[in-house]
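To find a chain, count down the sequence lines: A is the first, B the second, and so on, and within it residues start at 1.
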Protein chains: 2
Amino acid sequence: MQKKNAKLIKQINKRLVLKCIRDDEPISRADIAKKIRISRPTVSTLVNQLIEDEWVNEVGQGDSTASGGRKPINLMFNPKKYYIIGVDIGGTNVSVGMTDLNGEILSYDEFPTPQNTTDELFEKLQSTVEQMIKKKSIPQFKIFGMGVGVPGITNVQDGFVYDAPALGWQNYPVKKELEKYFDFPFYIDNDVNVGVLGEHWKGKGKDKKNIIYIAIGTGIGSGIIINNELYRGTNYSAGEMGHMVTDRLHAKDFQPTYSGYGFLESIAGGSAIGQMMTERINKKVHAKEVFNMYQEGSGDAKEVVNFAIENLALGIANYISLLNPEIIILGGGVSGAYPIIKNQINDILKRYTPQSCELAQTAFGKEAGVVGAAALFLKEHDSILNI
Amino acid sequence: MQKKNAKLIKQINKRLVLKCIRDDEPISRADIAKKIRISRPTVSTLVNQLIEDEWVNEVGQGDSTASGGRKPINLMFNPKKYYIIGVDIGGTNVSVGMTDLNGEILSYDEFPTPQNTTDELFEKLQSTVEQMIKKKSIPQFKIFGMGVGVPGITNVQDGFVYDAPALGWQNYPVKKELEKYFDFPFYIDNDVNVGVLGEHWKGKGKDKKNIIYIAIGTGIGSGIIINNELYRGTNYSAGEMGHMVTDRLHAKDFQPTYSGYGFLESIAGGSAIGQMMTERINKKVHAKEVFNMYQEGSGDAKEVVNFAIENLALGIANYISLLNPEIIILGGGVSGAYPIIKNQINDILKRYTPQSCELAQTAFGKEAGVVGAAALFLKEHDSILNI
DNA sequence: GTTTTAGTTAATTAAATTTACTTACAAACC
DNA sequence: GGTTTGTAAGTAAATTTAATTAACTAAAAC
């Protein structure tokens, strides 16, 4: 635990000052003092130390007030103090990116997930990261650290992944393995948790306290932010929306495709939509094509999509009834169909939820995982800067 | 906001010391210093102030260690420093109680909820509280404050109750009204939130971080504790489990009995169980009687109960899938039937949830609301003592 | 030139820590 | 049985850290 003495106070205040500058830049020392109600001399001392450490820059003078007085010196946060590596390990692709401290992506790259050994995966990851740093001529000490998203339930404490079917990992010690390849600090978490952190930091969930991020891809998963904090659950398995039951009778016939596959994802997930259509028309199709056929007016596609989306919407409605979030953000492959499905979902939400809730589609593209992973690093890493 | 200076440190440390004594009493100054890693002189100063203020008592000497040394002076928390009034306003009864700071109930009383005017209710409440204090000869300054539970969505900030059908309140300014009758500090909240706070403080949820308390009475509601904090939701309406949909097809026919009545409670709540049976046997019965008939082997009762409990269990399963809590505690009138229904529920949980979760029945009797309301006060009231 | 605001310097204050002390006890030793 | 030795609890004094307040300088508007 932190020593509970004067140094703690200083640290708290320094963080407060930095946060204030990040939130309200450009801002003067005097305004910071007013805003966070710390005396002007204290603010000056702290700001000067932040400048010394290159967290903050002076960026010229502001304007005096109408009634006169000395012009303030404007201060700005320096987002280039450090850089962060964000990694999203998916079943088919691995995305790697570098962001500054404001979440701006400076470099992005991806490669197909090596399917043979994890060693191969990590070696490729290491070389990609190293090349990225080299190409941008970033000195090693400027790399703050790395965040990593993996598609499975992750114990962020001991760094084990319980189960990641897309990677074939079971009780796999990712943290220990990654330590062999990287010597800066890193943090690992579930891809949906990474997703919701990204939305909270730079996406549709910005400035919101209670956020649900639902990823509808092959399966259905979700990440939860409550009171501005990621909620992981008692055993790191909160947000397993794919296991929800929205249709009592239908659920009785349900047999999981494989262990760990839930009811809702088995009827409303991407592969389920593709499979249901495949069975109807005797031709292998994917979810994306089903939505295309839906728009072209196919009756079969309409029935398949309506059934899936009705259940998905009930799942979302249940989420809202239980958690009363500020916003629900849809992501993952199927969320591309958002314009098509949003009305149906909203109708069901209106009917069944006690409180209305904003529904939105993620604004991120393929770089979502990178931004989220960077957010993960900044949330978890103990420094003056915390988001 | 708190002034961020040395005084804050002192307050933090004082709270830490008090918490340490409450958690590990009896304990010596030296052991406190070791445990919370603050220097012995600082602990001594703080302890002496706590003794001065009667938060803590010295209670004789402990034993020396085998290797000798001066005997430690044992310290104990003084639960009689203040007393708390707990109030549970229900549709039919109002419970009033007084507890000490350890949650021990020193006095309990109840009266039927006056059905005419709220003035009548509050006057009766005032006189009951005053008599209770008088009877126990507690001086006024020893009353720390009061917690109040009400059966409806409550904005705890401005003290308005949006909707409490059982009391006929709509957008009712409870806080403002109660201020006319009581001059000690008080806090108001939803009865299920009060319920979960009570369970967290003194009930089955003690020492657990993530708790769901489900009250199954006339309707179905729930309270959520996440990371040791009550989660109220964005608009104070988190935990509206009664609105969950567990049966897609059945829900299509659903028409709320009155505005604000949800699907799940309309098929699995206490009045629903009574009503479904009433329709079958053409005789007015209540849920409790239905469970009696169930035990006596009635086929009708069996069908009614199974249907209701199956849906309730699916609702609980969905809760677990989303929140992965440490424990789910069942309370409210219908929870009396827990021994009858627990197996059916557990079977469904096992089938549909990705993670197992402890299921328990509340250990509180009629005094649950009083303990919870006292917990509410201690959670909300800003003092050295926080639970 | 007066007023006003930004930012700094110096003195003061609060509360922690460290170091050194006293008090008190257990066990071993003569 | 009395005395010595080692250990632990608790306290007093000196030191340190970082805040605040009060007083100052700098610079701008009118």
Side-chain angles (χ1 to χ4, degrees), chain A residues 1-18 20-21 24-52 56-76 384, chain B residues 1-17 20-21 24 26-52 56-76 384:
Chain A
M1 198 191 292
Q2 182 74 44
K3 264 281 173 72
K4 289 145 290 278
N5 58 13
K7 273 191 179 134
L8 172 61
I9 290 272
K10 183 161 187 181
Q11 205 186 55
I12 292 173
N13 285 341
K14 216 170 189 176
R15 281 179 195 220
L16 264 174
V17 168
L18 186 58
C20 182
I21 295 172
D24 298 313
E25 64 178 10
I27 189 170
S28 68
R29 290 167 176 79
D31 282 347
I32 296 170
K34 264 177 224 148
K35 182 120 194 288
I36 62 180
R37 286 147 91 211
I38 287 179
S39 67
R40 292 205 318 264
T42 301
V43 170
S44 271
T45 313
L46 296 175
V47 163
N48 292 339
Q49 286 171 21
L50 287 170
I51 291 172
E52 174 92 12
V56 166
N57 293 327
E58 292 188 335
V59 290
Q61 299 192 318
D63 296 324
S64 304
T65 57
S67 50
R70 175 174 169 179
K71 280 183 178 169
I73 303 165
N74 276 335
L75 302 166
M76 295 264 269
I384 279 182
Chain B
M1 200 192 290
Q2 181 76 46
K3 265 280 174 73
K4 288 145 291 278
N5 57 15
K7 275 193 176 133
L8 171 62
I9 289 274
K10 182 160 188 180
Q11 206 186 54
I12 292 173
N13 286 340
K14 217 170 189 176
R15 281 179 194 222
L16 264 175
V17 169
C20 181
I21 295 172
D24 298 313
I27 190 172
S28 68
R29 289 166 175 82
D31 282 347
I32 295 170
K34 263 177 227 151
K35 181 120 192 288
I36 61 181
R37 285 145 95 211
I38 287 179
S39 67
R40 293 205 315 264
T42 302
V43 170
S44 271
T45 313
L46 295 175
V47 163
N48 291 340
Q49 286 171 21
L50 287 169
I51 290 172
E52 175 92 10
V56 166
N57 293 326
E58 292 187 336
V59 290
Q61 301 191 316
D63 296 326
S64 303
T65 55
S67 50
R70 178 171 167 179
K71 281 184 179 169
I73 303 165
N74 275 335
L75 302 165
M76 294 265 271
I384 279 183

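Legend: residues meeting side chain to side chain donor-acceptor pair (under 3.5 Å) with A/Lys35, ordered by chain and number and at least two apart, are A/Asp24. Applying the side chain to side chain contact (heavy atoms under 4.5 Å, CB included) test to A/Glu58 and every residue at least two apart in sequence or in another chain returns A/Arg29, A/Ile51, A/Ile73, A/Leu75. Residues meeting the side chain to side chain donor-acceptor pair (under 3.5 Å) test with B/Arg15, sequence neighbours left out: B/Asp382. Residues forming a side chain to side chain donor-acceptor pair (under 3.5 Å) with B/Gln49 (at least two apart in sequence, or on another chain): B/Lys10, B/Lys14. Not a single side chain to side chain donor-acceptor pair (under 3.5 Å) links B/Ser28 to another residue, sequence neighbours left out. With sequence neighbours excluded, the residues that form a side chain to side chain contact (heavy atoms under 4.5 Å, CB included) with B/Thr42 are B/Ile38, B/Ser39, B/Leu46. In this view, B/Arg40 and B/Ala30, B/Ala33 satisfy the side chain to side chain contact (heavy atoms under 4.5 Å, CB included) rule, not counting sequence neighbours.
Note: A/Leu16 CG to A/Arg37 CZ = 12.0 Å, rounded to the nearest 0.5 Å. To the nearest 0.5 Å, the span separating CG on B/Asn13 from CD1 on B/Ile32 amounts to 12.0 Å.
In this structure a side-chain-to-backbone donor-acceptor pair under 3.5 Å is present from A/Asn48 to A/Ser44.
Contact annotation for A/Lys34: backbone-only contact, meaning every heavy-atom pair under 4.0 Å involves sugar-phosphate atoms and none involves a base. Here A/Thr45 lies out of heavy-atom contact (under 4.0 Å) with every strand.
Along DNA chain D, the nucleotide nearest to A/Ser39 and the one nearest to B/Ile73 differ in position, and the one closer to the 5' end is contacted by B/Ile73.
A straight line from NZ of B/Lys14 to C1' of C/dA16 spans 15 Å, rounded to a whole angstrom. The interatomic distance linking B/Ile32 (CD1) with D/dA8 (C1') rounds to 16 Å, in whole Å. Distance, B/Gln49 CD to C/dA15 C1': 10 Å, rounded to whole Å. Atom CD1 of A/Ile38 is separated from atom P of C/dG7 by 16 Å (rounded to the nearest Å). In this structure, A/Asn48 atom CG and C/dA6 atom P are separated by 16 Å, rounded to whole Å. Going from atom CG of A/Leu8 over to atom C1' of C/dA15 covers 13 Å, rounded to whole Å. Rounded to an integer number of Å, the gap from CG of A/Leu46 to P of D/dT17 is 16 Å. Rounded to a whole Å, the CD1 atom of A/Ile9 is 10 Å from the P atom of C/dA16.
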*nucleotides 22-30 of chain D: protein proximity per nucleotide (B base, S sugar-phosphate only, - neither; heavy atom, under 4.0 Å)*: B---BBBSS
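For D/dA18, neither phosphate oxygen OP1 nor OP2 lies less than 4.0 angstrom from any side-chain nitrogen or oxygen of A/Asn13. Residue A/Arg29 places at least one side-chain N or O under 4.0 Å from the OP1 or OP2 atom of C/dT8.
With C/dA14, C/dT17, D/dG10 as the candidates, the nucleotide lying closest to the side chain of B/Thr42 is C/dT17. Residue A/Ser44 places its side chain closer to C/dG7 than to any other of D/dA19, D/dT11, C/dG7.
Note on the helix from C/dG1-D/dC30 to C/dC30-D/dG1: angle between the axes of the first and last five pairs equals 10°, rounded to 10 degrees.
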